[in-house]
Amino acid sequence: MLDTLRRLTQALNNTTDLDTGLAVVVHGVKTQLAVDACSVYLVDASDTGFVLVATDGFDPRAVGSVRFARGEGLVGLVVERQRPISLSNAQDHPRFRHLPQFGEQVHHAFLGVPITHLRQPLGALIVRQLNDRVFGRDEQAFLLAIAGELAGLAHAGSSRGAQGFSADRKRAPPALLRGIKGAPGIGIGTCVLPSAAAAFDTVPDLRAEGAQAEALAFQRAVAAVRAELILSAQRLAAGVPTETHAMFGVYVELLDDDELFADTLERIRAGESGAAALRETITLHARVFEEMADPYLRARAEDLRGLGRRVLLHLQSGMTEPRIYPERCVLVGEEVSIARIADVPVAQLAGIVCSRGSPYSHAAILARTLRIPAVMGLGKVPLEPLAGRRLLVDGTHGRVYVDPPPDVVADFERVSAQQHASADKLAALRELPAQTPDGARVALQANVGLSSDLATALDSGAEGIGLFRTEFSFMVRDSFPSEDEQVRVYREILARFAPRPVTMRTLDVGGDKGLPYFPLQEENAFLGWRGIRLTLDNPGIFLTQLRALLRANAGMGNLKVLLPMISSAREVDAVRELLVRAAAECESAGHPTQAVELGAMIEVPSAIFQMAALARRVDFFSIGTNDLTQYLLAVDRSNARVARHFDSLHPAVLRAIDSTARGALDAWRPLSVCGEMAGDPQAAVLLMGLGVETLSMAAASIPAVKLALRTFSRQRAQAMAVLALAAEDPLEVRQMLNAAFDDAGLKSPAAESEVR
Ligand code: PEP
Ligand code: MG
């Protein structure tokens, strides 16, 4: 049974087409459980009942015709109860319905399980057997597991209801797609999908005009890949897992294989295009490896194809023009990388839509700082049919309208105008301090990821930059930025904000932040080689960054350095040693340096229990509530399925923050919060009540947070914090805050902008 489960799960994961998925499931389940029929019912277009959408064992003409109203039949019962229903004599049940018009015989045994996506009932998966039979627990568990897998696909199809089951569904995408709110706001633009990665099966059989030019382009592409590989291998020499390093070695060796490339050149000279010639030689050589008996040598076939794709990418990108984007465009993809976002001029970017991810994925965080509406976690929606279509992205409610009709557009334009008007009112607060009615001051700073956020941050009246995510500028490049390049980026930011403080966090890659030129494939990436662990293991990369930071600060003096993912005091000791070495290297190269404040992020729970030891080593603390919430609640911050469990107002998170604040106070160390929580006006009031002195957030959130802080006295905030700490669940905390905001007449723009 496990094998079948694995096979069916894999088949479902490999398809985005509901019809195929359903056909695979009904056939696979019927065979595995040896039942007479297996059927799937999904919610219908009007959302009033369920329609049969696939069956094996029942008259196929019944598909699309057999319907059950909500509350009708055993199918309705399964959906209503939201749990498996197993009957050995179904015909005696008062909800039993017989369908003789489709030649249905009276089935005795019945087992049905609900299909549910993010707690939303979508339908039921049913098996039936003519003779008496009692289904066991294993069979129930099997069916439940399949229903769970089916839910993602069905969710995508059900955006239009089961009416989408008609044959046109493949061509026409659903009119409305539901996801999770990623970044608030509304935008309309043309859907742009990622350009296809270099793939040999898309290379046409072209003959080339100038063999010499083709050969030259091919040799250049090979040279570029060789240089790339050697450089990466050198950079990674220290501390990299041996298999990664070995992979580079294998690639370089393969590249040096004369025969391989002599063959390609020969084909080019015979008139084939470089790409077509490369495809042929790679395919032929890979086949030779594939046929070898030794598994190690067989595996080299994939290396060879990988290498071929790299060369192809260089060949093709050398030939293509830079990408031109529509005047207003919506970037759509399974994931939308930070590099892709940065590639589009901000003024042309109308929205971002991802089928994976959650509001705490870094794409959503960047979207918020750029004030671009974003919708995350659409599920398994086929994306290709969206290409070139007009999309209305409603990031506030997590919805995407495909080819929206004029009345929908008009409605959204009206709401958008209202939002702008209230934003204008808030902007009037720009020059006023974030000061409570009883005189307490909270410093409001901006989070910045790319230099393109700088203007917004400056405009917002931010009192400094509380978090500059240096990794974003690493992520938008094709290779590690050099020390001089880094100095330029850091210096521009320090200069534009001087004399206000700028907190730059050292490279925090890993988790959902990969570098295209630094391969990281980990089972549990958020628990893996991430943040400070990765930089300490690669002192070459780390020292370059530290030197660049110190050099950028020369003559400025407003730099603070923040360390991500600190989980033990020893890590700070190791950083201190490297910092001393970086300063000495700068000095001996003729670059004067000055001392900088060093801070630790509190985002790994273990750090909370070591505040005293850490305080002896750092000058300040900053709580990263995104990761702290993820690790405390064991909720992957970029997994749409568990997004509803991610809540920084969870009393456990609040208690962790309270304990950190006490630790910082005892050690006389300043404390800020720089996670997304700081930008939620209601949470910001609580954080003030808990004793946090500085809040750093997306610049767009500063005005609403300032208004909230200017409304509630510190005393009131402290009282609310006491209640929140005693609460038993996040809902209780949210209700208490909603009531307080309502009483204070704050119809919070939070309701629009907050991420919940
Ligand atoms: C955090 O974890 O809260 C944080 C600010 O850092 P990041 O979101 O970049 O992980
Ligand atoms: Mg973090």
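Counting starts at 1 for both ligands and their atoms, following the listed order.
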Kindly indicate whether the side chain of Leu737, heavy atoms from C-beta on, has any atom under 4.5 Å from the side chain of Leu686. yes
Just say parallel, tilted or perpendicular for the rings of Phe468 and Tyr490, cut-offs at 30° and 60°. perpendicular
When you compare the side chain of Phe542 with that of Arg547, does any pair of heavy atoms fall below 4.5 Å? no
Pairwise side-chain contact, Thr456 with Thr369, heavy-atom cut-off 4.5 Å (strictly under): no
Is the closest side-chain heavy-atom distance between Val705 and Leu444 below 4.5 Å? yes
Sorted by chain and number, protein N/O/S atoms nearer to the Mg ion (ligand 2) than 2.8 Å are Glu603 OE1, Asp627 OD2
Assess, by modelled atom type and distance only, whether the side chains of Arg500 and Gln445 contain a donor and an acceptor separated by less than 3.5 Å. no
Between Thr506 and Thr535, do the side chains contain an N or O donor and an N or O acceptor separated by less than 3.5 Å? no
Pairs under 3.5 Å, nitrogen or oxygen of ligand 1 with protein nitrogen or oxygen:
{"from": "ligand 1", "atom 1": "2 (O)", "to": "Glu603", "atom 2": "OE1", "distance (Å)": "3.0"}
{"from": "ligand 1", "atom 1": "2 (O)", "to": "Asp627", "atom 2": "N", "distance (Å)": "3.0"}
{"from": "ligand 1", "atom 1": "2 (O)", "to": "Asp627", "atom 2": "OD2", "distance (Å)": "2.9"}
{"from": "ligand 1", "atom 1": "3 (O)", "to": "Gly624", "atom 2": "O", "distance (Å)": "3.4"}
{"from": "ligand 1", "atom 1": "3 (O)", "to": "Thr625", "atom 2": "N", "distance (Å)": "3.1"}
{"from": "ligand 1", "atom 1": "3 (O)", "to": "Asn626", "atom 2": "N", "distance (Å)": "2.7"}
{"from": "ligand 1", "atom 1": "3 (O)", "to": "Asn626", "atom 2": "ND2", "distance (Å)": "3.2"}
{"from": "ligand 1", "atom 1": "6 (O)", "to": "Arg505", "atom 2": "NH1", "distance (Å)": "2.8"}
{"from": "ligand 1", "atom 1": "8 (O)", "to": "His362", "atom 2": "NE2", "distance (Å)": "3.3"}
{"from": "ligand 1", "atom 1": "8 (O)", "to": "Arg469", "atom 2": "NH2", "distance (Å)": "3.0"}
{"from": "ligand 1", "atom 1": "8 (O)", "to": "Asn626", "atom 2": "ND2", "distance (Å)": "2.9"}
{"from": "ligand 1", "atom 1": "8 (O)", "to": "Arg637", "atom 2": "NH2", "distance (Å)": "2.7"}
{"from": "ligand 1", "atom 1": "9 (O)", "to": "His362", "atom 2": "NE2", "distance (Å)": "2.9"}
{"from": "ligand 1", "atom 1": "9 (O)", "to": "Arg469", "atom 2": "NE", "distance (Å)": "2.7"}
{"from": "ligand 1", "atom 1": "9 (O)", "to": "Arg469", "atom 2": "NH2", "distance (Å)": "3.4"}
{"from": "ligand 1", "atom 1": "9 (O)", "to": "Arg505", "atom 2": "NH1", "distance (Å)": "3.3"}
{"from": "ligand 1", "atom 1": "9 (O)", "to": "Arg505", "atom 2": "NH2", "distance (Å)": "2.7"}
{"from": "ligand 1", "atom 1": "9 (O)", "to": "Lys513", "atom 2": "NZ", "distance (Å)": "3.3"}
{"from": "ligand 1", "atom 1": "10 (O)", "to": "His362", "atom 2": "NE2", "distance (Å)": "3.4"}
{"from": "ligand 1", "atom 1": "10 (O)", "to": "Arg530", "atom 2": "NH2", "distance (Å)": "3.4"}
{"from": "ligand 1", "atom 1": "10 (O)", "to": "Asp627", "atom 2": "OD2", "distance (Å)": "2.9"}
{"from": "ligand 1", "atom 1": "10 (O)", "to": "Arg637", "atom 2": "NH1", "distance (Å)": "2.9"}

For a quick check under 3.5 Å, do Gln735 and Asn738 share a side-chain donor-acceptor pair by atom type? no
Do Asn553 and Lys560 have side-chain heavy atoms sitting under 4.5 Å apart? no
